[in-house]
Amino acid sequence: MATFQTLPGFREFYPEDFARRNHIFRLWRQTANVFGFAEYDAPVLEPLELYKAKSGDEIEAQLFSFTDKGGREVALRPEMTPTVCRLVGARANALKRPIKWFSIAEFFRYERMQKGRGRCFSQFNADIFGEPGPEAEIELISLLIQCLCAFGLTDQDFYVRLSDRNLWFYYLEALGLDEARSRGILGAVDKLEKLGDDAFKDYEAAFGPMDPVLKAKVLALLEIKSLAALEQALGSIGSDKLTARLTDWRKLLGALDAMGLSPFVSVDLGVVRGLAYYTGFVFEAFDRKGELRALAGGGRYDDLVQKLGGPALPAVGFAIGDMTFALLLEQRGLMPAIVQAPDVYCVIGGEKERLAAFADIHALRAAGFRVDYPLRELAFGKQFKVAAETGAKLALIYGADEIAKGVVKIRDLTQRTEVEVPRGQAVASVRDFFTGA
RNA sequence: GCGGUCAUAGCUCAGUUGGUUAGAGCACAAGAUUGUGAAUCUUGGGGUCGCGGGUUCGAGUCCCGUUGGCCGCCCCA
């Protein structure tokens, strides 16, 4: 038993675990690349103030924060958004538009562990800056969907709930509510799924008893599941803001439909995402069975870059967490058993034969083939057993007989066939085998 | 921060009303086996029974505390 334990909520990645994580990161990165997003990274440690400025002083309780030796108040990053806002804000005038960035990074939050949540986790983050219209949402929501589909997940496995804080505000404004009351209503909507009627308690405490007519109108909006129903419910109100906003909705959903992504997207105004900084469309991805916490979440935050000291710059972004996502892949049997099989395993007679083998081993490796061999002398029978266990496609046999004849025996471990080739042609023969020649 | 539950080998788990030196399977390693495949057999390494205290002639077992895991609440950027 080790004397030292891993800190609570932290994870270790033994090679097998690392291979699984790599698989996830590789497909995320590949997907972001084909969507034309550029990868970036930034410090793990940031000024504590950066997070307080974005989320308020209370956030410190959820952070790994401390004072460094220079007396600076710092925190391990709990999310990427403030950081990326600072990066983009600092060079906003010099960056080529559109600004489409992504990152895959590790984050830290001082929280109690739960299924799908730890104190350290990785996130895929993607953001678009400088694009005020729904064109940015089109790119990001389609990227989000493809980031999950790349693993073999389908619309049977997950879906994206799409909502809009602007629509709520315009609607409540049309009903005669001021902004404070509207925010109160949104807070209640956020809690409605969990708390039921109790969700309105805070609102009633601040603004008095809930008007039953208003409540009915709010609940009616939550029932809407399609664009058509949305247009029917809101189009007739006669609000210019609502009418203009519905045009954005048509653009967004029309584009996603043209991509064939409609089966993944559901209109659901119950999603408001508590965060005060979201300013428009918001969306969250969930597993269809509803067994796991959110797979991904995001939305528009047009004011945040400026709030953090940059120029006024509209922005949309989302993040996918790795923990819940890995759980979903495992549930659906989509986490591949990753075997890091060598291309070639060398079977070696004795010390003399070993020297002969080294020439080919190094030449093959330099040519890009993955080659392995026993580090110590091993009985032939054992070596073939090991060769088979590693999953190698070919065995190259360097025995006393072969060396004497000036050949190498190449065994196809799958077909169980063997051929002899002259030494010096070993690399070429292996290359032919793997290129199908 | 709160509640429930659990903790024996790398993994999955046995371990009698408290009783000798704590076991099995898998995994790992060596050999049978110095020229051909995941088999079989033999052998081996690996444990402060999470940690600390208490009760007892005697504690893996009972009691208290503590640390950690899992599940849930709060929160969830």
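Which of B:A77, B:U36, B:A29 sits closest to the side chain of A:I59 comes down to B:A77.
The same atom, C1', is picked in B:U12 and in B:U8; the two are 12 Å apart, to the nearest Å. Taking atom C1' on both nucleotides, B:G1 is separated from B:C13 by 35 Å, rounded to a whole Å.
Scanning atom types as modelled, no donor and acceptor separated by under 3.5 angstrom connect the side chain of A:E111 and the base of B:G1. One can find a donor-acceptor pair under 3.5 Å joining the base of B:A77 and the side-chain atoms of A:R109.
The aromatic rings of A:F380 and A:F384 lie tilted to each other, with the angle between the two planes from 30° to 60°. Ring planes of A:F286 and A:Y159: tilted class, angle from 30 to 60°. A tilted orientation is assigned to the rings of A:F318 and A:F124, their planes being inclined by 30° to 60°. Using cut-offs of 30° and 60° on the angle between ring planes, the pair A:W101 and A:Y40 is tilted.
Scanning RNA chain B for stems, defined as runs of 3 or more consecutive Watson-Crick or G-U wobble pairs whose donor-acceptor distances all fall under 3.5 Å, gives the following ranges: B:1-7 with B:67-73, B:10-13 with B:23-26, B:28-32 with B:40-44, B:50-54 with B:62-66.
Residues passing the side-chain hydrogen bond (donor to acceptor under 3.5 Å, both in side chains) test with A:R29 are A:E39, sequence neighbours excluded. Residues satisfying the side-chain hydrogen bond (donor to acceptor under 3.5 Å, both in side chains) test with A:Y51, not counting sequence neighbours, are none.
Sorted by residue number, the members of residues 377-387 of chain A with any non-hydrogen atom under 4.0 Å from RNA chain B read A:A379, A:F380, A:F384, A:K385. A heavy-atom distance below 4.0 Å to RNA chain B is reached by none of the residues of residues 319-331 of chain A.
At least one side-chain heavy atom of A:L304 sits less than 4.5 Å from a side-chain heavy atom of A:K54.
A salt bridge links A:D197 with A:K215: the distance from a Lys NZ or Arg NE/NH1/NH2 to an Asp or Glu carboxylate oxygen falls below 4.0 Å.
Contact annotation for A:E284: no contact, since no heavy-atom pair falls under 4.0 Å across all strands. Within 4.0 Å of A:R376, counting heavy atoms only, lie sugar-phosphate atoms of the nucleic acid but no base atom.
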Using atom names, set out every protein N or O paired with an N or O of nucleotides 69-74 of chain B below 3.5 Å, distance rounded to 0.1 Å.
residue : atom : partner : partner atom : Å
B:G69   : OP1  : A:G9    : N            : 3.3
B:C71   : OP2  : A:K115  : N            : 3.2
B:C74   : N4   : A:Q114  : NE2          : 2.9
B:C74   : N4   : A:R117  : NH2          : 3.2

